[in-house]
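These figures come from a predicted structure and were not determined experimentally. Below, chains carry the letters A, B, ... as their sequence lines are ordered, and counting in each starts from 1.
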There are 2 protein chains.
Amino acid sequence: MAIDPSADRPVYKQLADLIRARIEQGELRPGQRLPAESDYVAEFGISRDSVRRAMAVLRGEGLIDTQLRGSRVRDAGEAVTVPIAHGTSLMARMPTEPERKELGMAEGIPILVITSPDGETRLLPADQTIIEVSDQG
Amino acid sequence: MAIDPSADRPVYKQLADLIRARIEQGELRPGQRLPAESDYVAEFGISRDSVRRAMAVLRGEGLIDTQLRGSRVRDAGEAVTVPIAHGTSLMARMPTEPERKELGMAEGIPILVITSPDGETRLLPADQTIIEVSDQG
DNA sequence: AGCGATTTGTTCGTATGTATA
DNA sequence: TTATACATACGAACAAATCGC
């Protein structure tokens, strides 16, 4: 139930699993503030370092967003449906830190690299984009 | 050139920038072993904590892969071109830690979620996949 | 087969800085 | 201004896996 420091799985991953489950089960809803790091320290008797690692895992998964004021469950937000046409190719990767800053993206969000038949490329934040294959570009 | 602890940018991000530049410039090639954490500690006179944070940044960007034996520059590898047809929709996100383990993926690699017109979904590791829009699925 | 050295993984502690309420 | 909460950075210790001898 709680966290077992003697378990095989590291404490911070156990906590990440626990919080992730609470998010997926709707116990923590999008936009909602998570308890402070110190709350988790007190609740489970673990170090702040372990709590911060757990938060870093969840940020890396794009599940939470941490500002200076605390962490919140990320809102799925409104994704724009982008139509792409025949001959277009597409891939996804993580942005580098400078790219991420440039695009004003949160952590844990991939970018879509869309290459048109003419060779032109677009970078789109994946959390705001749904690709739909259409007849016409 | 080196790392300036008094700079605005955090030490670990400075180191990440430095190593990333070496990778992008080909000074560190795909498959090549990076210096050990202790080497960077000695080279720049920074803490191991900062070095590990820098490595975590680069792992999160999918640029390096760290095993117990050390970190290596990730090989671009062969991506399979997957054709998708009209009516298919697509999005990308980071896998959760359990998903990542399940799919046997390295850190810092997004997954492509492809939904066919019939509602069937496929999960594909983004580093092995290039999407190509074709007439026929 | 063993055994030590290397290297990363985890976890604690402490301290200081910075932004927000 | 004070209190809260996260960000960065140092140090220390031990565990676990791997490699070379």
Side-chain angles (χ1 to χ4, degrees), chain A residues 2-19 28 31-74 97-98 100-101 104-108, chain B residues 2-19 28 31-60 63-74 97-98 100-101 106-108:
Chain A
I3 283 171
D4 177 14
S6 68
D8 262 3
R9 196 159 175 76
V11 170
Y12 76 96
K13 287 189 180 178
Q14 290 182 54
L15 179 57
D17 290 345
L18 194 151
I19 298 176
L28 290 169
Q32 185 176 342
R33 179 92 142 53
L34 267 68
E37 293 174 349
S38 56
D39 293 332
Y40 286 116
V41 169
E43 180 176 356
F44 298 107
I46 57 182
S47 74
R48 186 168 166 231
D49 184 72
S50 297
V51 177
R52 288 183 59 69
R53 283 171 184 271
M55 297 301 185
V57 168
L58 298 175
R59 268 199 304 278
E61 293 173 358
L63 294 179
I64 69 172
D65 193 16
T66 304
Q67 304 296 328
L68 274 169
R69 204 48 208 154
S71 295
R72 291 173 180 281
V73 180
R74 268 181 61 83
E97 213 265 347
R100 189 174 67 77
K101 190 177 170 189
M105 297 170 58
E107 288 182 57
Chain B
I3 283 170
D4 177 13
S6 69
D8 262 2
R9 194 160 177 73
V11 169
Y12 76 96
K13 288 189 180 177
Q14 290 183 54
L15 179 56
D17 291 344
L18 194 151
I19 298 175
L28 290 169
Q32 186 177 341
R33 178 92 142 52
L34 268 67
E37 294 173 353
S38 56
D39 293 332
Y40 286 116
V41 169
E43 181 176 357
F44 297 108
I46 59 182
S47 71
R48 188 179 165 214
D49 184 72
S50 297
V51 176
R52 288 184 61 70
R53 283 170 185 271
M55 297 300 186
V57 168
L58 299 174
R59 270 198 303 277
L63 294 179
I64 69 172
D65 192 17
T66 304
Q67 304 295 326
L68 273 168
R69 203 52 205 153
S71 294
R72 282 178 296 103
V73 180
R74 269 181 60 85
E97 215 264 348
R100 189 174 66 76
K101 191 178 169 189
E107 288 182 56

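The side chain of A:R69 lies closest to D:dA5 when the candidates are C:dT10, C:dT7, D:dA5. Closest to the side chain of A:D49, out of C:dT8, C:dC12, D:dA7, is C:dC12. When distances are taken from the side chain of A:P10 to each of D:dA7, C:dT11, C:dG9, the shortest belongs to C:dT11. Checked against C:dT10, D:dA7, D:dT18, the side chain of B:L68 finds its nearest nucleotide in D:dT18. Checked against D:dG11, D:dC6, C:dG9, the side chain of B:S47 finds its nearest nucleotide in D:dG11.
Toward the 5′ end of DNA chain D lies the nearest nucleotide of A:A36, the other residue of the pair A:A36 and B:V11 mapping further downstream. For the pair A:Q14 and B:S38, nearest-nucleotide mapping onto DNA chain C gives the more 5' position to B:S38.
Between A:R48 atom CZ and D:dT4 atom P there is a gap of 14 Å when expressed in whole angstrom units. One can place CE of B:M55 at 15 Å from P of C:dT10, the figure rounded to the nearest angstrom. Rounded to whole angstrom, the span from the CD atom of B:E37 across to the P atom of C:dA5 amounts to 20 Å. Between A:R72 atom CZ and D:dC6 atom P there is a gap of 12 Å when expressed in whole angstrom units. Atoms CZ (A:R53) and P (D:dC6) sit 17 Å apart, rounded to a whole Å. One atom, CD of A:E97, and another, P of D:dA7, lie 13 Å apart when rounded to the nearest Å. Distance, A:D8 CG to D:dA15 P: 15 Å, rounded to whole Å. The separation between A:R9 atom CZ and C:dG9 atom P is 15 Å, rounded to whole Å.
A:I19 pairs with exactly one of A:L63, A:L58, A:V73 by the side-chain contact (heavy atoms from CB on, under 4.5 Å) rule, that one being A:L58.
Distances shown here put a side-chain N or O of B:Y12 below 4.0 Å from the OP1 or OP2 atom of D:dT8. For B:S50, a side-chain nitrogen or oxygen approaches OP1 or OP2 of D:dC10 to under 4.0 Å.
Within 4.0 Å of B:R33, counting heavy atoms only, lie sugar-phosphate atoms of the nucleic acid but no base atom.
The distance from atom CG of A:L34 to atom CD of A:Q32, rounded to the nearest 0.5 Å, is 7.5 Å. Rounding to the nearest 0.5 angstrom, the gap separating the OH atom in A:Y12 from the CD1 atom in A:I46 is 12.5 Å.
Residues A:V57 and A:A16 share a closest heavy-atom pair of CG1-CB, 4.0 Å. Across all their heavy atoms, A:D17 and A:R9 have their closest contact at OD2-NE, 2.6 Å.
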